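Since this is a predicted model, take the numbers as computed values, not measurements. Order of the sequence lines fixes the chain letters, A, B, ..., with proteins taken first and strands second; residue numbering starts at 1 for each chain. Side chains included, hydrogens not; waters and symmetry mates left out as well; all remaining heavy atoms used.
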Number of protein chains: 2
Amino acid sequence: MKLSTRGKYGLYAMYYLAEHRNEGPQTLQSIASTGVPKQYLEQLLGNLRRAGLVASVRGAQGGYQIAKPPDQTTILEVIDAMEGPLALSECTTDEGSCKHACQCPVRKVWQRLTESINRELAGVTLGDMFEEIDDCEATVNE
Amino acid sequence: MKLSTRGKYGLYAMYYLAEHRNEGPQTLQSIASTGVPKQYLEQLLGNLRRAGLVASVRGAQGGYQIAKPPDQTTILEVIDAMEGPLALSECTTDEGSCKHACQCPVRKVWQRLTESINRELAGVTLGDMFEEIDDCEATVNE
DNA sequence: CGATATCCGATTAAATTTGTCGGGTATGGG
DNA sequence: CCCATACCCGACAAATTTAATCGGATATCG
């Protein structure tokens, strides 16, 4: 069970934008400086923009900016924007897809797990990521 | 973010075996009666067997049996056997893969989330699935 | 106007998942 | 002993998803 690189790239990008949120629009070029293919990242930022998580400025001197304060952007929003909503089994989202009894216990497990994982993801914000940095000169870009 | 069908098929199979745990070895044929391709399920049961979750009996009258009491088999074990351990980012498992500072905050988020999702998965057992069935004639096979 | 930089649909390449095939091996019953 | 049964297993093929690339359109600052 793995997350695709989309989620990872997306979160790195959001973190980068959160870090530079007071420095004007950041170009794709600078966001991609971590080694993410630029044109691929462009697609991903499109998803983040359509999800309302980043704002873009077109034209010269343009770029991307985080749309909300970091502590109002949850990891859940980022992951959902990048990979679509968490669906452990179609069972839980698409009624008709289940061949079994409508109330089958396997389904209940998926629902319960889906809810608690979503709760977990919703419980962490970009802002939280800045808290423990004191003891470490961590940077996302080289 | 989705789980593959492996996890789903695997959990159905485990549930089926838990249901029929006192009825001797269950053939692949009967476990697959839900519409899962038989030969594909055979592979999956191989994984479950190597993980120690089911025991098999070869030869005529053979089949598969659950290896432990249902309340001692967690969903985490099943998912891990089917899809490998949860790894949101290689960051959390493979030290060298991270180009960023060793302590980067993005990584901490992945680690924290991985731990809590695993805790969640480990908190539900096959036995738990039988508890709420009273009000519902749920069966996994048709 | 022109350099900059986002936007976007289409296409290709790579990887993973899903499913199939064919033969091997163990075992109980006649 | 034989043979039908049923698990075992590696290799392969098909389908789907993910990752990345391409080419050009559009917007905007100076």
Side-chain angles (χ1 to χ4, degrees), chain A residues 1-10 12-13 17 20 23-67 79 81-90, chain B residues 1-10 12-13 16-17 20 23-67 79 81-85 87-90:
Chain A
M1 187 179 177
K2 295 196 311 186
L3 211 62
S4 65
T5 64
R6 280 206 294 270
K8 208 174 63 173
Y9 289 167
Y12 277 125
L17 292 178
H20 299 85
E23 303 167 24
Q26 300 293 308
T27 68
L28 194 52
Q29 184 66 56
S30 70
I31 305 172
S33 63
T34 344
V36 180
K38 202 173 78 172
Q39 296 186 314
Y40 186 39
L41 185 61
E42 189 174 21
Q43 285 180 31
L44 306 185
L45 279 165
N47 289 335
L48 292 171
R49 180 176 48 79
R50 280 183 290 273
L53 300 178
V54 308
S56 61
V57 180
R58 298 182 68 168
Q61 320 304 322
Y64 298 90
Q65 283 174 299
I66 199 171
I79 300 291
M82 300 310 299
E83 320 220 2
L86 175 62
L88 296 181
S89 170
E90 323 80 65
Chain B
M1 187 179 177
K2 295 195 311 184
L3 210 63
S4 66
T5 64
R6 280 207 293 271
K8 210 175 59 172
Y9 289 167
Y12 276 126
Y16 182 91
L17 292 178
H20 297 84
E23 303 168 23
Q26 301 292 309
T27 68
L28 192 54
Q29 184 67 55
S30 70
I31 303 172
S33 63
T34 342
V36 181
K38 202 173 78 171
Q39 297 184 102
Y40 187 39
L41 184 62
E42 190 174 18
Q43 285 180 32
L44 307 185
L45 279 165
N47 290 334
L48 292 172
R49 180 176 47 80
R50 282 183 287 274
L53 299 178
V54 307
S56 62
V57 179
R58 299 183 67 168
Q61 322 302 323
Y64 298 90
Q65 283 173 298
I66 198 171
I79 300 292
M82 301 309 298
E83 320 221 359
L88 296 182
S89 169
E90 324 78 67

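Under 4.0 angstrom from either OP1 or OP2 of C:dG19 there lies at least one side-chain N or O belonging to B:Tyr9. Distances shown here put a side-chain N or O of A:Arg50 below 4.0 Å from the OP1 or OP2 atom of C:dC8. An OP1 or OP2 oxygen of C:dC7 is reached within less than 4.0 angstrom by a side-chain nitrogen or oxygen of A:Arg49.
Comparing C:dT27, C:dC7, D:dC29 against the side chain of A:Tyr64 picks out C:dC7 as the nearest. Across C:dT18, D:dA19, C:dA10, the shortest atom-to-atom separation from the side chain of A:Thr5 is found for D:dA19. Distance from the side chain of B:Thr27 is smallest for D:dA6 among the nucleotides C:dT20, D:dT21, D:dA6. Residue B:Ser4 places its side chain closer to C:dT17 than to any other of D:dC8, C:dT17, C:dT6. Residue A:Ser56 places its side chain closer to C:dC7 than to any other of C:dT20, C:dC7, C:dG29. Nearest to the side-chain atoms of B:Glu42 among the listed nucleotides D:dC8, C:dG28, C:dC7 stands D:dC8.
Distance check, rounded to the nearest 0.5 Å: NZ of A:Lys38 to OG of A:Ser33 gives 12.0 Å. Going from atom CD of B:Gln29 over to atom CD of B:Glu42 covers 11.0 Å, rounded to the nearest 0.5 Å. With rounding to the nearest 0.5 angstrom, the CE atom of B:Met82 is 4.0 Å from the CG atom of B:Leu44.
For the pair A:Tyr64 and A:Leu48, the minimum side-chain heavy-atom distance is 4.5 Å or more.
Nucleic acid contact class of B:Gly46 (heavy atoms, under 4.0 Å, all strands): none. Residue B:Leu28 is classed as a sugar-phosphate contact, given heavy-atom separations below 4.0 Å to backbone atoms only.
With hydrogens and angles disregarded, a donor-acceptor distance shorter than 3.5 Å links the side chain of B:Glu83 to the backbone of B:Gly7.
A:Gln29 places its CD atom 13 Å from the C1' atom of C:dT6, with the value rounded to the nearest Å. As a whole-Å value, the separation of B:Tyr40 OH from D:dG10 P is 17 Å. The OH atom of A:Tyr12 sits 17 Å away from the C1' atom of D:dA19 (whole-angstrom rounding). A straight line from CD of B:Gln39 to C1' of D:dA6 spans 13 Å, rounded to a whole angstrom. For B:Lys8 and C:dT17, the NZ to P distance is 15 Å, given to the nearest whole Å. What separates CZ of B:Arg6 from P of C:dT17 is a distance of 5 Å, to the nearest Å. Atom P of nucleotide D:dT18 and atom NZ of A:Lys2 are separated by 12 Å, given to the nearest angstrom. Atom P of nucleotide C:dT6 and atom NZ of A:Lys38 are separated by 8 Å, given to the nearest angstrom.
If you check distances only, the side chain of A:Gln43 does reach the base of D:dT21 with a donor-acceptor pair under 3.5 Å. With hydrogens and angles left out, the side chain of A:Arg58 and the base of D:dT26 share a donor-acceptor pair within 3.5 Å.
Each of A:Arg49, A:Arg50, A:Gln43 was compared with A:Asn47 under the side chain to side chain donor-acceptor pair (under 3.5 Å) criterion, and only A:Arg50 meets it.
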